[in-house]
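Sequence lines set the chain letters: A, B, ... in the order given, protein chains first and strands last, and positions in each chain run from 1. Just so it is clear, the structure is predicted and the values come from calculations on it, not from any experiment.
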Amino acid sequence: MVFANSQYSEHSNSRILFLHFPHFSKRLFLVSLPSELAGTAAIMEYNFRDIESKWRQQWAANKPFKAADISDKPKYYVLDMFPYPSGAGLHVGHPLGYIASDIFARYKRLKGFNVLHPMGYDSFGLPAEQYAIQTGQHPAITTAENVARYRDQLDKIGFSFDWDREVRTSSPEYYKWTQWIFKQIFNAWYNNDTDKAEHIDGLIETFRTKGNASVNACSDYETVFTSEEWNTKPSKEQSDILMEYRLAYLADSWVNWCPALGTVLANDEVINGVSERGGHPVEQKLMRQWSMRIKAFAERLLTGLETVDWTESVKDIQRNWIGKSVGSSVRFPLWRGIEGEDSEQFIEVFTTRPDTIFGVSFMVLAPEHPLVNEITTDEFRSAIEAYKTAASLKSERDRQADVKNITGQFTGAYAVHPFTGENIPIWIGDYVLASYGTGAVMAVPCGDQRDWDFAKHFNIPIKNIFKDVDISEAAYAEKEGTITDSGFLTGLPIKKAMETAIQAIEEKGIGKGKTNYRLRDAIFSRQRYWGEPFPVFYKDDIPQLVDDANLPILLPEVDKYLPTEDGEPPLARAEQSAWNHFEGDRMETNTMPGWAGSSWYFLRYMDPHNEQAFVSKEKADYWNQVDLYIGGSEHATGHLLYARFWTKFLKDMGFINFDEPFKKMINQGMILGRSSFVYRLADNKTFVSSSLKNEHDVTPLHVDISFVDNDKLDIEAFKNWREEYKNAEFILEEDGSYICGSEVEKMSKSKYNVQTPDELVEKFGADTLRMYEMFLGPLEQFKPWDTKGINGVHNFLRKLWRLFYNEGNIIVTDAEPTKDSLKTLHKTIKKIEEDLERFSFNTGVSNFMICVNELTEQKCHSRSVLEQLVILLSPYAPHVAEELWEALGHEAGSISTAAFPTFNPDFLVEANFAYPVSFNGKMRFSAELPTSMSAQEVQAAVLAMPETEKWLEGKEPKKVIVVPGRIVNMVV
RNA sequence: GCGGAUGUGGUGAAAUUGGUAGACACGCCAGACUUAGGAUCUGGUGCCGAGAGGUGUGCGGGUUCGAGUCCCUCCAUCCGCACCA
């Protein structure tokens, strides 16, 4: 090896050699050398490497961050969204939220709280399984490797996690309880009368003694039976009926089927008609699947949002997703073909505008509506069939893309208007969704733009029921105005007409006031291997639960992680002997979705090793809600909704005492990567520099950012990157360099723009990384990663170090601090505390910089000042704080038991500004003054300020009033 | 279309209830030290202007002694939902 430009680095210490490699222009490599090579001059500098490894070891050995289960201190629960341990490892974006929560957790400890700050892994999931399919390696092995890597990376950043409480969703000790919770949900129904989930046994008892007439449940089952009827039903039928009530149930549902992934997906896992993972097309398919009756909790999920401190935007996303609409159901009888005679059959619709019922001029059914075949007349049968086929071939995505194309088909059938007796033509059209409401709408073209468009397109007459409103160009959708031409509703204002219409509908017995939710039940089974097995077996085709004593049902070994040839899930490959517990005719071979394990992990941290319960009541009562949850807002419609749902369920069943899991949440913004591009010509071997690319026809290709420095490509490194680039040719800039293009994108392995925290920790230290990530900008903001400013933060820590050490000697004195130093200190205490309380970590870092700049200028080396500063700093830069705390003569590691410094306003002594704050004959000043000053002193100080003189313009104040809040009123 | 958020120097950004706009940091400029520097130190740095001074927080208006902050109109960007009856 040639140490062409080797030199001692000044800013770490002499045991670090900076090397310039000739072929890697301007890239620094760090190599540790034996300490005997160390120059004496360097020991005195801030040596983050030694400091950090020392404290890493100390913390690992002494576990100062272990949370006590019993404590006199008030509790505080700070939680991060646990990561999925992917093969790529952590990039600099992951720790952003973790650093913020760690700072806050450490701050709360200093403030005297018993803090629970745990970490774990959401370790079931698709990528490990995809990798297993490719390599044949068991996902448990890859998962364990990835977890080890994550742990190593996390440890380097100096987090204060209580690792004794680590959970992994894929470990049997954990998923035993996920299975157990599933059993509870299966054994429950939702009682609308008590507005609670209740045990299914109570429902069965009611069926046995009274039938189901009196039951008000969340269920689509509408057939009424008596106790005698129930008691004589065969057990299979009883089981089927109970399925209609259970909160975890097996049913034929329209599901999002993703052929490429070979599994069904929940609605939140489908984005714009393609799968969230991989972006594969998703189609609608009728399949027998496990679902969770989350709909039962819709109203509580909505109202519960009022009680939590989350951002409006996440709350709105959830409100939107739940999609509450208030209106009425209405039944339209079918026309039998004889004037004045109704059929017994009817079409039920849901409408939010019952006031417009007299404006109905046609009805539209979803193509999948069960009555379509029955009502279609022979004349239209072939056309209807053709339309249905065409609609079923359209993927969800095409259907969405096709919004502007109006399609539909008349069935030949008519319904009867319940109030006017008029005949109403029945159409089908794919703008009506089978999955929402009843899958049918009453079309009011004068009041709904979609109905209006449909009517125009098919020349259906449009009846206007709005007084003095022109509907010739567009529908009138406002809810202001007067209804006309509408029988008993004529002359009523719209809002009043709504109430009157619902009343009439209910009196006539053709419907009732109803609330509909857009939220659909959540599909709970996946046709995959790497997930929790269901604690379910089948006997005579009836699903039954495995006894608690036999939990967990372990994931059985299989020969391949693919579906079977006849399309069964991978678990169907397992021999009977491969199951640790086999019962009945067959085991359930679906697995649970990723959100199962993550819907309750925050509870397990409270009591992670409990073998008798998922969490003991006592510990759940003590730790209670998560006080602060930090994570991405992208989980708004997934994890965050499901976790709320399970929490409400567990509360109803009496296992826990709270109804909302996350009291306050902060959504950290994503850190984006800055990708670099090279531009290749069609010949596949010539690359054009960025500024010249417009003169050629080029294909942009991502290039690994480690070959690029300041947009300049390291050509040699690039050539060696891949075989195909060995003989690459370049069209260069005038100065002979190759300049890459760049773009800000999400960090991803495939874009070669991933910055790992490891190399930054190596180069600058964990404390610098922690502070720099906070310094980047507001926590919530999305921002591109950029290392430009990291030196500034590193310099701050070095300046800090120099307040304590000079040429290797500690220079802290016991001398009385100066007034200025105390002012700086107390200003900083105040600001840092305020910054922490409002989660403004970026300004926190800035305020430390200001503080150290000022203390340096004041040549302050006073022990009493520096001691307080070190405590203040310890949440942000814990390693160096511990080191300096020890250097000040404290017992090693005792800083975690120190108390947060107390702000004393008396040190901010000078009245150094004044502004008039109101002017009504009175002049009001606001001034920064010490509380210890008497009213007279304050008055004198304010009058002496040059600003006051300016505002008084030479006049004498007639009267001066000093207000306790240090506000001074003067009457001029 | 509906809902939410944001808009401040060359850059990341501060400005807590309306009170000296641009703190702090990056970058840049000049100087010092140095064999060298992407090290360190000192000074400068919103814009226009030699200067005094003027001007300035997306545009236009309003309230106020005083507006980045509050109110109204518009513009731009980002995010979420989107035939949801």
>> Would you say A:R798 places a side-chain N or O within less than 4.0 Å of OP1 or OP2 belonging to B:U40?
In response: yes

> Separation of A:K763 atom NZ from B:G38 atom P, in whole Å?
Replying inline: 14 Å

>> Can you tell me how the ring of A:Y46 sits relative to the ring of A:W801, calling it parallel under 30°, perpendicular over 60° and tilted otherwise?
In response: tilted

>> Tell me the interatomic distance from A:D355, atom CG, to B:A85, atom C1', rounded to whole angstroms.
In response: 13 Å

>> Using atom C1' in both nucleotides, what's the gap between B:G61 and B:C74 to the nearest angstrom?
In response: 11 Å

>> So, OP1 or OP2 of B:U17: does either fall under 4.0 Å of a side-chain N or O from A:R838?
In response: no

> Using atom P of each nucleotide, how far apart are B:A15 and B:G7 to the nearest Å?
Replying inline: 12 Å

> What integer number of Å spans the P atoms of B:G4 and B:G9?
Replying inline: 27 Å

> Can you tell if the side chain of A:E773 reaches within under 4.5 Å of the side chain of A:W785, non-hydrogen atoms only?
Replying inline: yes

>> Can you tell me whether the base of B:G22 sits syn or anti, using the 90° cut around 0 to define syn?
In response: anti

>> Using the C1' atom as the point on both nucleotides, what is the distance between B:G51 and B:A13, in whole Å?
In response: 32 Å

> Can you tell me how far P of B:U17 sits from CD of A:E834, to the nearest Å?
Replying inline: 10 Å

> When the nearest nucleotide of RNA chain B is assigned to A:D835 and to A:M442 on a heavy-atom basis, which residue is associated with the more 5' position?
Replying inline: A:D835

> Quick one: do A:K456 and A:D453 make a salt bridge, cutoff under 4.0 Å?
Replying inline: no

>> Please give the distance between the C1' atoms of B:U73 and B:G60 as a whole number of Å.
In response: 8 Å

> Quick one: which of B:A13, B:G4, B:C81 gets closest to the side chain of A:R518?
Replying inline: B:C81

> In terms of side-chain heavy atoms of A:Y431, which of B:A85, B:A13, B:C83 is nearest?
Replying inline: B:C83

> Quick one: on RNA chain B, does A:Q781 or A:T637 contact a more 5' nucleotide (nearest heavy atom)?
Replying inline: A:Q781

> Would the A:F454 and A:F362 ring centres measure less than 6.0 Å apart?
Replying inline: yes

> When the P atoms of B:C48 and B:U57 are considered, how many whole Å apart are they?
Replying inline: 16 Å

>> Would you say that A:E834 contacts A:F903 through its side chain, given a criterion of any heavy-atom pair below 4.5 Å between the two side chains?
In response: no

> Going through the checks in order, is the salt bridge (Lys or Arg N to Asp or Glu O under 4.0 Å) test met by A:E368 and A:K388?
Replying inline: CA-CA 8 Å; A:E368 300 89 355; A:K388 281 178 70 174; over 6 Å; no

> salt bridge (charged side-chain N to carboxylate O under 4.0 Å, His left out) with A:R838: which residues, sequence neighbours excluded?
Replying inline: A:D835

>> Using a 3.5 Å limit on both distances, find every run of at least three consecutive Watson-Crick or G-U pairs that involves RNA chain B.
In response: B:1-7 with B:75-81, B:10-12 with B:24-26, B:27-32 with B:40-45, B:46-48 with B:53-55, B:60-62 with B:70-72

>> Measuring only between side-chain heavy atoms, which start at C-beta, is A:L371 closer than 4.5 Å to A:I426?
In response: no

> Taking the P atom of each, how far is B:G31 from B:A23, in whole Å?
Replying inline: 24 Å

> Would you say the ring centroid of A:H794 lies under 6.0 angstrom from that of A:Y772?
Replying inline: no

> Using the P atom in both, what is the distance from B:G22 to B:U45, to the nearest Å?
Replying inline: 12 Å

> Taking A:K315 for the side chain and A:V308 for the main chain, is one N or O donor matched with an acceptor at less than 3.5 Å?
Replying inline: yes

> Among B:C81, B:A85, B:U16, which nucleotide sits nearest the side chain of A:N320?
Replying inline: B:C81

> Separation of A:K514 atom NZ from B:A85 atom P, in whole Å?
Replying inline: 13 Å

>> I'd like to compare against my own output: the B/S/- annotation of nucleotides 23-30 of chain B with a strict under-4.0 Å heavy-atom distance to protein.
In response: BBSS----

>> Taking the minimum atom-to-atom distance to the side chain of A:Y436, which one of B:A85, B:U16, B:A13 wins?
In response: B:A85

